[in-house]
Chemist: 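The structure that follows is given in the form of structure tokens.
In what follows, every chain begins at residue 1, and chains take the letters A, B, ... in the order their sequences are listed.
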Number of protein chains: 2
Amino acid sequence: MDYETTSEVFQMLSHPVRLQILDELRQRESCVCHLQAVTGRPQAYISQQLRILREAKLVADEKDGQNVFYHLRSDLVREVLDQTLGEADLPRHLPDCNCPFCSGEKA
Amino acid sequence: MDYETTSEVFQMLSHPVRLQILDELRQRESCVCHLQAVTGRPQAYISQQLRILREAKLVADEKDGQNVFYHLRSDLVREVLDQTLGEADLPRHLPDCNCPFCSGEKA
DNA sequence: CTATTATATGCAGAGAACCATATATATTAT
DNA sequence: ATAATATATATGGTTCTCTGCATATAATAG
């Protein structure tokens with residue numbers, strides 16, 4: 001990868017909320033409302049950051065009923081996050097989230 | 001490292017010229033004029049980017065006569081660059097550079 | 001059909017980053 | 001002392017980024 005392309009990847013990582021989203025997604029797929037609960041940011045804000053990450057092809061989305069689930073799509077980003085943030089060990093269920101996983105509807 | 005601090009490191013890497021400078025520095029220490037020759041950018045521009053990297057504590061400088069030599073100071077950045085840019089194998093001597101290394105004055 | 005819930009998009013002001021140009025300082029050579 | 005070379009800083013205009021707020025769409029429930 002050339003410097004231009006590589007710097008564009010780092011650009012995506014150079015933002016605390018995007019970083020937190022990617023940290024969550026490297027551990028498991030999450031819907032938007034889950035990421036809202038994790039970050040404590042407004043829904044529109046999360047959707048905007050997800051769009052940026054989607055357009056950079058670092059994440060992909062998959063619709064399931066009312067929810068849209070996002071997952072990490074870049075092995076390089078996964079490796080870089082492992083190296084910089086260490087092992088991911090984030091809570092599975094959040095009290096502030098009503099998503100199918102957090103409410104126990106899905107495993 | 002928290003998301004805020006980590007994102008600040010990535011911020012430094014999210015710029016093609018800074019990335020090229022760090023790529024050079026992970027292989028060997030370089031003076032400013034060498035980095036000028038490597039990047040093809042004006043001297044003032046390089047000095048500005050070096051100041052940003054210096055203030056972020058990713059590089060350090062050492063004066064030697066007329067020259068100022070910079071070197072990489074962060075193991076984390078070195079590891080991340082190894083992972084993203086691969087093995088560094090950049091030319092030792094540049095025709096456009098008059099620095100002590102390039103002109104053969106120093107080994 | 002209407003209301004509700006989940007998600008996406010559009011827009012705009014504030015601030016930050018980028019980069020050029022001009023200038024300052026420090027070292028060495030003549 | 002003067003000139004040349006290497007490096008640093010100051011300043012400013014332009015362009016991006018961030019982020020809040022308003023609104024749009026899509027799915028499901030009643």
Chemist: Looking at side-chain heavy atoms only, is the closest gap between B:His34 and B:Glu24 below 4.5 Å?
Modeler: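 Yes, at least one pair of side-chain atoms sits under 4.5 Å.
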Chemist: Could you identify which residues of residues 22-43 of chain B place a heavy atom less than 4.0 Å from some atom of DNA chain D, listed by residue number, or say none?
Modeler: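 By residue number: B:Cys31, B:Val32, B:Cys33, B:Gln43.
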Chemist: Would one find more than 12 heavy atoms of other residues, nucleotides or ligands at under 6.0 Å from atom CD of A:Glu79?
Modeler: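 Atom CD in A:Glu79 is crowded, with more than 12 foreign heavy atoms closer than 6.0 Å.
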Chemist: Measure from CD1 on B:Ile52 to P on D:dA8 and round the result to the nearest Å.
Modeler: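 Rounded to whole Å, this separation is 13 Å.
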Chemist: Work out which heavy atom in B:Leu22 is nearest to a heavy atom in B:Val77; give both atom names and the distance.
Modeler: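 Residues B:Leu22 and B:Val77, closest heavy atoms: CD1-CG1, 4.4 Å.
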Chemist: From C:dT9, D:dA8, D:dA6, pick the nucleotide closest to the side chain of A:Ala44?
Modeler: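 When the side chain of A:Ala44 is considered, C:dT9 is the closest of C:dT9, D:dA8, D:dA6.
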Chemist: Which of residues 60-67 of chain B sit near DNA chain C, with a heavy atom under 4.0 Å from it?
Modeler: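 Per residue number, the list reads B:Lys63, B:Gly65, B:Gln66.
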Chemist: So which one's nearest nucleotide on DNA chain C is more toward 5', A:Gln11 or A:Tyr45?
Modeler: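 Residue closer to the 5' terminus by nearest nucleotide: A:Tyr45.
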Chemist: Specify the separation, in whole Å, of atom CG of A:Leu50 and atom C1' of D:dT19.
Modeler: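 The answer, rounded to whole Å, is 15 Å.
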Chemist: Using a cut-off of less than 4.0 Å, is there contact between a side-chain N or O of B:Arg18 and OP1 or OP2 of C:dA17?
Modeler: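 Checking B:Arg18 against C:dA17: no side-chain N or O falls below 4.0 Å of OP1 or OP2.
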Chemist: Expressed in angstrom and rounded to an integer, what is the separation of B:Leu53 atom CG from D:dT9 atom P?
Modeler: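 Roughly 14 Å, once rounded to whole Å.
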Chemist: Any non-hydrogen side-chain atom of A:Arg26 less than 4.5 Å from a side-chain atom of A:Leu85?
Modeler: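 Contact flag for A:Arg26/A:Leu85 side chains = yes.
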Chemist: For the pair made of CD1 in B:Ile21 and P in C:dC19, what is the distance, rounded to whole Å?
Modeler: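 In whole Å, C:dC19 P lies 11 Å from B:Ile21 CD1.
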Chemist: Please report, rounded to the nearest Å, how far the P atom of D:dT9 is from the CD1 atom of B:Ile46.
Modeler: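 It is 15 Å, rounded to the nearest whole Å.
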Chemist: If we ignore angles and hydrogens, is there a donor and acceptor under 3.5 Å between the side chains of B:Gln43 and B:Ser47?
Modeler: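 Result is yes, a qualifying pair exists.
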Chemist: Categorize B:Tyr70 for me: base, sugar-phosphate, or nothing, with a 4.0 angstrom heavy-atom threshold over every strand shown.
Modeler: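 Sugar-phosphate, no base atom in range.
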Chemist: On the nucleotide C:dT7, are OP1 or OP2 found under 4.0 Å from the side-chain N or O atoms that A:Arg51 carries?
Modeler: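 Negative; the distance criterion is not met.
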Chemist: Could you tell me the separation between the CD atom of A:Glu55 and the C1' atom of C:dG10, rounded to a whole number of Å?
Modeler: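 Interatomic distance, CD of A:Glu55 to C1' of C:dG10: 13 Å.
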Chemist: Round to the nearest Å and state the distance from B:Arg54 atom CZ to D:dT7 atom P.
Modeler: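 So the two atoms are 12 Å apart, to the nearest Å.
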Chemist: Please output the side-chain donor-acceptor pairs of residues 96-107 of chain A that fall under 3.5 Å, not counting sequence neighbours, one pair per line with the distance.
Modeler:
residue, atom, partner, partner atom, Å
A:Ser103, OG, A:Cys99, O, 3.1
A:Ser103, OG, A:Glu105, OE2, 3.4
A:Lys106, NZ, A:Asp64, OD2, 3.1

Chemist: If each of A:Gln48 and B:Phe69 is mapped to the nucleotide of DNA chain D with the nearest heavy atom, which maps nearer the 5' terminus, i.e. the 5' end?
Modeler: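 That would be B:Phe69.
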Chemist: Send over the distance from B:Glu105 CD to D:dA6 P, rounded to a whole Å.
Modeler: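 Distance check: B:Glu105 CD to D:dA6 P gives 10 Å.
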Chemist: Report yes or no: does A:Thr5 contribute a side-chain atom to a donor-acceptor pair with the main-chain N or O of A:Met1 at less than 3.5 Å?
Modeler: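 Checking the backbone N and O of A:Met1 against the side chain of A:Thr5, no donor-acceptor pair under 3.5 Å is found.
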Chemist: May I ask you to test the A:Gln49-A:His15 pair for a side-chain heavy-atom distance under 4.5 Å?
Modeler: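 Counting from C-beta outward, A:Gln49 and A:His15 do come under 4.5 Å.
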Chemist: Quick one: are B:Arg54 and B:Tyr70 in side-chain contact, heavy atoms under 4.5 Å?
Modeler: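 In short, these two side chains touch, coming nearer than 4.5 Å.
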